[in-house]
> 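Quick one: the structure is below, questions incoming.
Just so it is clear: chains get the letters A, B, ... in the order the sequence lines come, proteins before strands, and each one is counted from 1.
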Amino acid sequence: MPELPEVEVLVRYLRPLIRSRTIRGMDVRRVKVLAPTTTRELKRVLLGATFTGLSRRGKYLLFQLRRRRNSAPVTLLGHLGMTGRIYLARHSAPLPKHTAVVFDLGREKMVYEDTRYFGRLTLDTTAVEIIGPEPLDDGFDVTTLARALKRSGQPIKVKLLDQTLVAGIGNIYASEALFRAGISPKLPARQLTPKQVERLWRAIRRVLREAINGGSTVPLNFGRSGGSDGLFYFGRAAGTPDFYEERLWVYDRAGQPCQKCGAPIKRIVQAARSTFYCPHCQRKGDPAIPKPTA
DNA sequence: CACCATGTTCCTTG
DNA sequence: CCAAGGAACATGGT
C-alpha cells in the first residue's frame, strides 16, 4: 500500500475534488472490501449524502459526509491495502479490471480499484481507533517513542511496522528511517540508547515529510492510465521527467552501493518481510560513526 | 514452476 | 494474558 506519505498526497489531491459532491449512485463490484458493512447498508447510508471533508489517520482515509444540512456527519473509512487506488474519472472512462466500488458523483465518477483486494472501504471505523500517534503531529514526542520501545524485545525494524507504536510507517519507510538514523534493523527495540531513539524519531519525521513533499511537487497520475507504477505508487503523469523519481536510499537496492559509504546494500528477511540496510552504516550497537575526526 | 510484492488480521504455539 | 511466528487473503510481475 501506499504508506503514510502516499495516502497524504492522495488526500490532498482528492479533498478539493470531492468536497460538496453528492453520491447519486453506487456500484459495488466486490463486497469483500466493504466488510463488515453490507452493500445494502452502505447504500442506505451513503446514497444522497454529500462529501464535507477528507482527512488521513496513519494509512487510513477518513471520508466525511452529511446526509442533509445540519444532520449528523457520517464517516466512511478507507484503506488501500497493498494495491488500492482511488481517483476521479469521466463516466466514459473504462473501468479497470479489478474495480471494487464506483461512486456516481454526477459529472464524474469516483473509482476505488484494488488488484489484490486487501483494502477496505467501510462504515466500520473501529480499526482506526486502535492505532498509535501520528508521527508528524506534536503528540508524537521522543519520550513517548522511547517508552514504547522499552517494552519490546523485537527487532526495531519489525517494531516500526507495528501501527500501535506509530501510525503510518510501512515496509519501505521503516528501512529508510533506520538507514537515515544509522541504526541496525536487527537491534532489539529495548536496546536503543536514548541518543538512538532521538535520531530515529528525527529520521522518521524527516523521511515521511520528504516523501510527502516529493509526491506533492510531482505531477502524478492517480488513475495510472497508461503508465507503470513507480514505487511511489501513483504513476507519474505522462511526460514527467525521470529525475522526479522518488529517491530511496536502501529500499529495493540489494547489491547496490550505499550512497553514503559504498558498501553493498543487504537484503534480509524479518517477520517474513524484506528489510534493506547498509551493513556498514547501520552496525548493531555501533551508532554510525561519522568520518573520523582529524 | 519458483519467488517476490507498498498490509492487516487471525490462528497457533510457547 | 502476552509475545512471536506463520498462514491467509488475491493477483500479478519477473
> Considering only side-chain heavy atoms of Lys59(A), which listed nucleotide, dC4(B), dT11(C), dG7(B), is closest?
dG7(B)

> By nearest atom, which of the nucleotides dA5(B), dG12(C), dG7(B) is closest to the Ser274(A) side chain?
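Looking only at heavy atoms from C-beta outward on Ser274(A), the closest nucleotide is dA5(B).
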
> Choose from dT6(B), dT8(B), dG12(C) the nucleotide whose nearest atom is closest to any side-chain atom of Asn171(A).
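Nearest to the side chain of Asn171(A) among the choices is dT6(B).
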
> Base of dA5(B), side chain of Arg273(A) - is there a donor-acceptor contact under 3.5 Å?
no

> Counting side-chain heavy atoms from CB outward, which of dA10(C), dG7(B), dA4(C) is closest to Ser152(A)?
dA4(C)

> Looking at dA5(B), dG12(C), dT8(B), which one has an atom nearest to any side-chain atom of Tyr60(A)?
dT8(B)

> When you get a sec, tell me which of dT11(C), dA4(C), dG7(B) is the closest nucleotide to the side chain of Gln154(A)?
dA4(C)

> Whole-Å distance between dG5(C) P and Lys157(A) NZ?
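Rounding to the nearest Å, NZ of Lys157(A) and P of dG5(C) are 13 Å apart.
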
> If you only use heavy atoms from C-beta on, which nucleotide in dA5(B), dG12(C), dG7(B) is closest to the side chain of Glu3(A)?
dG7(B)

> Could you write out DNA chain C as dot-bracket? Rules: Watson-Crick or G-U wobble, both distances under 3.5 Å, brackets [ ] for crossings, | for pairs with another strand, dot for unpaired.
.||||||||.||||

> Side chain of Tyr251(A): nearest nucleotide among dA4(C), dT6(B), dG12(C)?
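The nucleotide sitting nearest to the side chain is dT6(B).
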
> May I have all residue pairs that pass side-chain hydrogen bond (donor to acceptor under 3.5 Å, both in side chains) and include part of residues 133-148 of chain A, sequence neighbours excluded?
Arg56(A)-Glu134(A), Arg57(A)-Glu134(A), Asp141(A)-Thr143(A), Asp141(A)-Thr144(A)

> Looking at Glu198(A) and Lys195(A), is there a salt bridge between them, counting it only when a charged N and a carboxylate O are closer than 4.0 Å?
no

> CZ of Arg209(A): more than 12 outside heavy atoms within 6.0 angstrom?
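Atom CZ in Arg209(A) is crowded, with more than 12 foreign heavy atoms closer than 6.0 Å.
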
> Have a look at Lys159(A) and say if it touches a base, only the backbone sugar-phosphate, or nothing, with a 4.0 Å heavy-atom cut-off.
nothing

> So if I take residues 118-134 of chain A and measure heavy-atom distances to DNA chain C, which residues fall below 4.0 Å?
Phe118(A)

> With nearest nucleotides of DNA chain C determined for Ala272(A) and Arg151(A) from heavy-atom distances, which residue corresponds to the more 5′ nucleotide?
Arg151(A)

> Applying a 4.0 Å non-hydrogen cut-off, can you work out what Arg30(A) is touching in the nucleic acid: base, sugar-phosphate, or nothing?
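Counting heavy atoms under 4.0 Å across all strands, the contact made by Arg30(A) is with sugar-phosphate only.
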
